[in-house]
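One structure below.
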Amino acid sequence: MQYKNSLTFAKQQDKEDVLYHLRNLFHIPKDKKGDEWLYFTGNSLGLQPKSTKRYINQELEDWAILGVEGHFEAKNPWLNYHELLTDKMAKVVGAKPIEVVVMNTLTTNLHLLMVSFYRPTKTKYKIVIESDAFPSDRYAVESQLKFHGFSSDDIIEWKPRKGEELLNIEDLQKIVSEQGDEIALLLIGGVNYYTGQFLDLKRVAKIGHSKDCVVGIDLAHGAGNIQPNLHESNVDFAAWCTYKYLNSGPGSLGGVFVHERHANNKDLPRFSGWWNHNKETRFNMRQPFDVMKGAEGWQLSNPPILSMAAIKASLDLFDEVGMDALREKSEKLTGYLEYLIGEIDSDDIKIITPHNPHERGCQLSIQVKNADKSLHKKLTENNIITDWREPNVIRCAPVPMYTSFEDVYRMVFILKGLL
Ligand SMILES: *Cc1c(COP(=O)(O)O)cnc(C)c1O
């Protein structure tokens, strides 16, 4: 197998890669001398498709020429612009179109969904999250608990076992079996931002539902990375952002999933605005409120078209390629990164992400001995863009859209030199 550890082999893999051409459709950042960075942080901010500018310019021009008439007369009329994103976004996350809408941003959406799906009673009010949940999710959950008169002590943490880094689904089963009568909601990261672990969502949903707990999933690190099959998984709701793997630009809008079984439940309590009112009568302005069905029934406001244009540019690419092909490449590419790191003879680093490709997306989390942050700094000085996450991990995501096998080879070659 030694031959795999060579630039020739990596270049050959690129030649055989049917998705290699996609790389040319993205702007790859460069250093001051004009050398391309080796970009491994598409899990934090995805790169810009070259087509994005054209999509945004279209809307700027329509606005300049048409003013308010653009709502109806623009090439892509703004009134229903979000509908142009729905089918493609639904495919990315394995949902039915009625289950998906693009709106707001991730943490905002988690709150709006909890308004409907976190309905605590005096006896059933606790919320389960992973001990290593993303801070924003933890703060959101804490504030929901307090809003309802409970406290942050009412969070139940699903923790890795002593001496382990990853979550064990048996432990979630145990928590829910033992305390399920007190638990109202499970809000779990589908792919953990720190370890890169991808959970079996169907199993998480089944465990939660066995004790009548609502199950919500944060897919920030899943959307555009793994195939969560949200409809099949049977979770109640999910939310994600589009600026990570979905390459839609900093702070761009998020996506929301509400399972079809809730689509026609007009009795679910929710916050409302004119944008979740029946679009046929929205502009009559004086109708009694009539909520839209499906995920669209959680919208509040008319959305920012410029952000949606960037999402459309990106989703058109995802649609052309398809998640099946992306995942196929992704498994090979991440497998290659894992193999090459494994060849380095050093106990200063250790991959904590699951080895099984079905339990991870493209990200590998590399734990650094003694939390030596200088290694990350040195990588950056060598034009390798990864990120450091406290306490001791370098996250490294070879995203299949624009990362080559050669990039991966070069990255590990430099890393090896630094160790
Ligand atoms: C990136 C990320 C967020 C960020 O939330 P915003 O509301 O988009 O700022 C939240 N949760 C998780 C799990 C994330 O990975």
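A quick note: this is a predicted structure, and the numbers were derived from the prediction, not measured. As the structure lists them, so they are numbered: ligands from 1, and atoms in each ligand from 1.
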Any salt bridge (Lys or Arg N to Asp or Glu O under 4.0 Å) pairs touching residues 78-97, not counting sequence neighbours?
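Qualifying pairs: Glu83-Lys279, Lys88-Asp316, Lys91-Asp319, Lys96-Glu260.
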
Sorted by first residue and then second, give each salt bridge (Lys or Arg N to Asp or Glu O under 4.0 Å) pair with at least one member in residues 212-221; sequence neighbours left out.
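Qualifying pairs: none.
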
Which pairs of nitrogen or oxygen atoms, taken one from ligand 1 and one from the protein, are under 3.5 angstrom apart?
from, atom 1, to, atom 2, distance (Å)
ligand 1, 5 (O), Thr107, OG1, 3.4
ligand 1, 7 (O), Thr107, N, 2.9
ligand 1, 7 (O), Thr107, OG1, 2.6
ligand 1, 8 (O), Tyr243, OH, 2.5
ligand 1, 11 (N), Asp137, OD1, 2.6
ligand 1, 11 (N), Asp218, OD2, 3.2
ligand 1, 15 (O), His221, NE2, 3.1
ligand 1, 15 (O), Lys244, NZ, 2.5

If we ignore hydrogens and angles and just use 3.5 Å, is the side chain of Lys126 paired with the main-chain N or O of Glu182 as donor and acceptor?
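No, Lys126 side chain to Glu182 backbone: no donor-acceptor pair under 3.5 Å.
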
Using a cut-off of 6.0 Å, state whether more than 12 heavy atoms not belonging to Lys124 lie near its atom NZ.
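Yes, because the 6.0 Å sphere around NZ of Lys124 holds more than 12 heavy atoms from other groups.
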
Donor-acceptor contacts under 3.5 Å from residues 167-176 side chains, at least two apart:
from, atom 1, to, atom 2, distance (Å)
Asn168, OD1, Glu170, N, 2.9
Asp171, OD1, Arg161, NE, 3.2
Asp171, OD1, Arg161, NH2, 2.8
Asp171, OD2, Arg161, NE, 3.0
Gln173, NE2, Ser177, OG, 3.4

Determine whether Thr41 and Tyr39 satisfy the following criterion, side-chain contact (heavy atoms from CB on, under 4.5 Å), listing intermediate values before the conclusion.
CA-CA 6 Å; Thr41 44; Tyr39 195 79; 3.1 Å; yes

